[in-house]
Colleague: 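This is the structure, below, for whatever I ask next.
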2 protein chains.
Amino acid sequence: MVSTLEKARQDPSSMKGKILASARKVFGEYGYHGTTTRMIAKDVGIDISTLYYHWGEKRDLYESVVMDLNDEIRQKLLEIESKVKGKSLTTRLEIAIDVMCDYLFSNPEVSNFILFLYFGKTRGDSSLNFKVSEYISNIAIAMGLALDKKYIPVKAKASVIAVWNSVLNFISGEDFFRPMLDIGHDEYIVVVKDTLKFILIPAFTQERNRS
Amino acid sequence: MVSTLEKARQDPSSMKGKILASARKVFGEYGYHGTTTRMIAKDVGIDISTLYYHWGEKRDLYESVVMDLNDEIRQKLLEIESKVKGKSLTTRLEIAIDVMCDYLFSNPEVSNFILFLYFGKTRGDSSLNFKVSEYISNIAIAMGLALDKKYIPVKAKASVIAVWNSVLNFISGEDFFRPMLDIGHDEYIVVVKDTLKFILIPAFTQERNRS
DNA sequence: ATATTTATCCATCAAATGTTGGAAGCAATG
DNA sequence: CATTGCTTCCAACATTTGATGGATAAATAT
């Protein structure tokens, strides 16, 4: 399963690849239960049987999307990790925010999909395990919030989670929030980046002397 | 519709009230499409026909939940507004975070429901308008982030949105995030409040001198 | 006590949805 | 050309799901 999945990723022009891309998109918009196999097939432009021929059950297709996303995000985080090496904490945060925002704004269905995964239950089968856990730890280390790889403070992890969530929310909630701000898409991107930096950088860079 | 809705809120022991509460819970867990009318009926402990007798179509029930939540949240925000009056900015933020966290941790289905509303599309009919817009502005004013009620800076609004989202995410994502932190529920609440304060208070209280 | 309204359930329907079988196209191979 | 294997579509099936009609009981009114 994994090998065929990777093949589909490597060749987005193949039918399996096209289906996977559409599935990601539609699942991301409507969630698991909100998506019908017919919707995905229609998005690809094929008959529903063809979809089943390539991917089997709906659940299997869904899980393939999860694994696919897992890989893609791990790669993105590795990219960030290498880019921030040796920089100051402020610069590290700025780079991380910029790279993640650029990536997610270019692939908005990604953050939507992940949020569904976090907060929505799927009837019947137990929820999938999206391996954020290791990501969080890696980010904490890359950001310099944890010194010892063995022991990462709860506060550091929680902070990373908060940041990660903020990013996802701004991207996924654009349709909801942008009208409130009464600005265009491009300006929205700038505002999001600025706001994230405005909120996050002081927290992590200043000395804390609070109760 | 509104009057009957309010009646149901006022009397949670009535059948309409019990259905509304169950609907809120199940819709919050599984989203609109993930929820079946039979699931709600089962949660209440009644036959599906009885549910339809009281609330009519699924969509109507769903919209009633939205309106119900709207009222409840508006009330919560008014409560916060009165509590923070005259306090320092730091204290205002602390109070707001505490009150909202306490409320949402006691009613976890609320934040889940709202997140579905933000990020999930529902097939067919257009999305409901959850009136966050006015909330955001009111909070910005109550927090002292905006001086002029007529003109609220984009940055202030965006900041409030970020805060609001962070709270919702931590509460809704407890099942997902708490295992990463390897702590219990009560400690999780403490960590969430601390993390939010840790991140948010410096951002809003310090003088900013950034590019 | 009788009539009327209200509330609940059982059985059922129609549409939507996940899934499959089989026929038909199509390319490569012998 | 015939055969084989791969791909696609049409049609259909079984289940789920939103929704309703009608019988029955419980409450209320007259």
Side-chain angles (χ1 to χ4, degrees), chain A residues 1 3-5 7-8 11-27 29-66 116 120-126 128, chain B residues 1 3-5 7-8 11-27 29-66 116 120-126 128:
Chain A
M1 174 71 81
S3 64
T4 55
L5 175 61
K7 212 180 292 174
D11 184 5
S13 67
S14 72
M15 187 50 69
K16 285 193 75 129
K18 278 195 269 188
I19 293 175
L20 197 66
S22 287
R24 175 197 284 209
K25 188 176 105 187
V26 182
F27 277 132
E29 282 183 54
Y30 295 92
Y32 181 76
H33 291 295
T35 299
T36 71
T37 51
R38 284 171 174 83
M39 287 165 71
I40 299 174
K42 188 176 182 183
D43 190 85
V44 184
I46 58 173
D47 186 87
I48 183 180
S49 312
T50 307
L51 187 151
Y52 275 86
Y53 171 78
H54 285 283
W55 283 107
E57 295 187 0
K58 178 185 181 184
R59 187 91 204 168
D60 288 339
L61 176 55
Y62 182 76
E63 293 184 3
S64 297
V65 173
V66 172
F116 268 118
K121 293 184 182 173
T122 51
R123 297 198 300 264
D125 287 332
S126 60
L128 289 179
Chain B
M1 172 73 80
S3 63
T4 56
L5 175 61
K7 213 181 291 174
D11 184 5
S13 67
S14 72
M15 186 50 69
K16 286 193 74 134
K18 279 195 267 188
I19 294 174
L20 196 67
S22 286
R24 175 198 283 209
K25 186 176 106 188
V26 182
F27 276 132
E29 283 183 52
Y30 295 92
Y32 181 76
H33 290 296
T35 299
T36 70
T37 51
R38 283 170 176 81
M39 289 165 70
I40 299 174
K42 188 176 181 182
D43 189 85
V44 184
I46 56 173
D47 186 87
I48 183 181
S49 311
T50 307
L51 188 150
Y52 276 87
Y53 172 77
H54 285 285
W55 282 105
E57 295 187 1
K58 178 185 181 184
R59 187 91 203 167
D60 287 340
L61 176 55
Y62 182 76
E63 294 185 4
S64 297
V65 174
V66 173
F116 268 117
K121 293 185 184 174
T122 50
R123 298 197 300 263
D125 287 332
S126 61
L128 289 179

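Residue numbers start from 1 in every chain, and the chains themselves are labelled A, B, ... in the order their sequence lines are given, proteins ahead of strands. Computed from a predicted structure; not experimentally measured.
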Colleague: Could you check B/F116 against B/F27 for ring pair (Phe, Tyr, Trp, His ring centres under 6.0 Å), going step by step and ending with a plain yes or no?
Modeller: CA-CA 9 Å; B/F116 268 117; B/F27 276 132; 9.7 Å; no

Colleague: Would you give the length of the straight line joining atom OG1 of A/T37 to atom CD of A/E57, rounded to the nearest 0.5 angstrom?
Modeller: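 Reported to 0.5 Å precision, the distance equals 11.0 Å.
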
Colleague: At what distance, to the nearest 0.5 angstrom, does OH of A/Y30 lie from NE2 of B/H33?
Modeller: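 A/Y30 OH to B/H33 NE2: 8.0 Å, rounded to 0.5 Å.
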
Colleague: Can you check the A/K58 NZ to D/dA14 C1' distance for me, whole Å?
Modeller: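 For the pair A/K58 NZ and D/dA14 C1', the rounded distance is 16 Å.
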
Colleague: Passes side-chain contact (heavy atoms from CB on, under 4.5 Å), B/K18 versus B/I46? Steps please.
Modeller: CA-CA 10 Å; B/K18 279 195 267 188; B/I46 56 173; over 6 Å; no

Colleague: Give the first and the last nucleotide of DNA chain C, reading 5' to 3', that has any atom under 4.0 Å from a heavy atom of chain B.
Modeller: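 First-to-last contact on DNA chain C, by the 4.0 Å heavy-atom rule, is C/dT6 to C/dT17.
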
Colleague: Hey, is the side chain of A/R123 poking within less than 4.0 Å of OP1 or OP2 on D/dT17, counting only N and O atoms?
Modeller: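 Yes, such a contact exists.
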
Colleague: Out of curiosity, B/T35 OG1 to A/K121 NZ, how far, rounded to the nearest 0.5 Å?
Modeller: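 Those atoms lie 10.5 Å apart.
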
Colleague: What residues from residues 44-54 of chain A pass a heavy-atom cutoff of under 4.0 Å to DNA chain C?
Modeller: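 A/I48, A/S49, A/Y52, in order of number.
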
Colleague: Can you pull the salt bridge (charged side-chain N to carboxylate O under 4.0 Å, His left out) pairs that have at least one residue in residues 30-55 of chain B, sequence neighbours excluded?
Modeller: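 Applying salt bridge (charged side-chain N to carboxylate O under 4.0 Å, His left out) to every pair that reaches into residues 30-55 of chain B, excluding sequence neighbours, yields B/K25-B/D43.
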
Colleague: Output the rounded distance in Å from CZ (B/R59) to P (D/dA19).
Modeller: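 To the nearest whole Å, that distance equals 11 Å.
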
Colleague: Taking the six-membered ring of A/Y32 as reference, does the cationic atom of A/R123 (NZ for Lys, CZ for Arg) lie under 6.0 Å from its centre and within 45° of its axis?
Modeller: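 Because its charged atom misses either the 6.0 Å distance or the 45° angle limit, A/R123 does not stack over A/Y32.
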
Colleague: What is the distance from atom CG of B/L61 to atom OH of B/Y52, rounded to the nearest 0.5 Å?
Modeller: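 Here the interatomic distance stands at 9.0 Å.
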
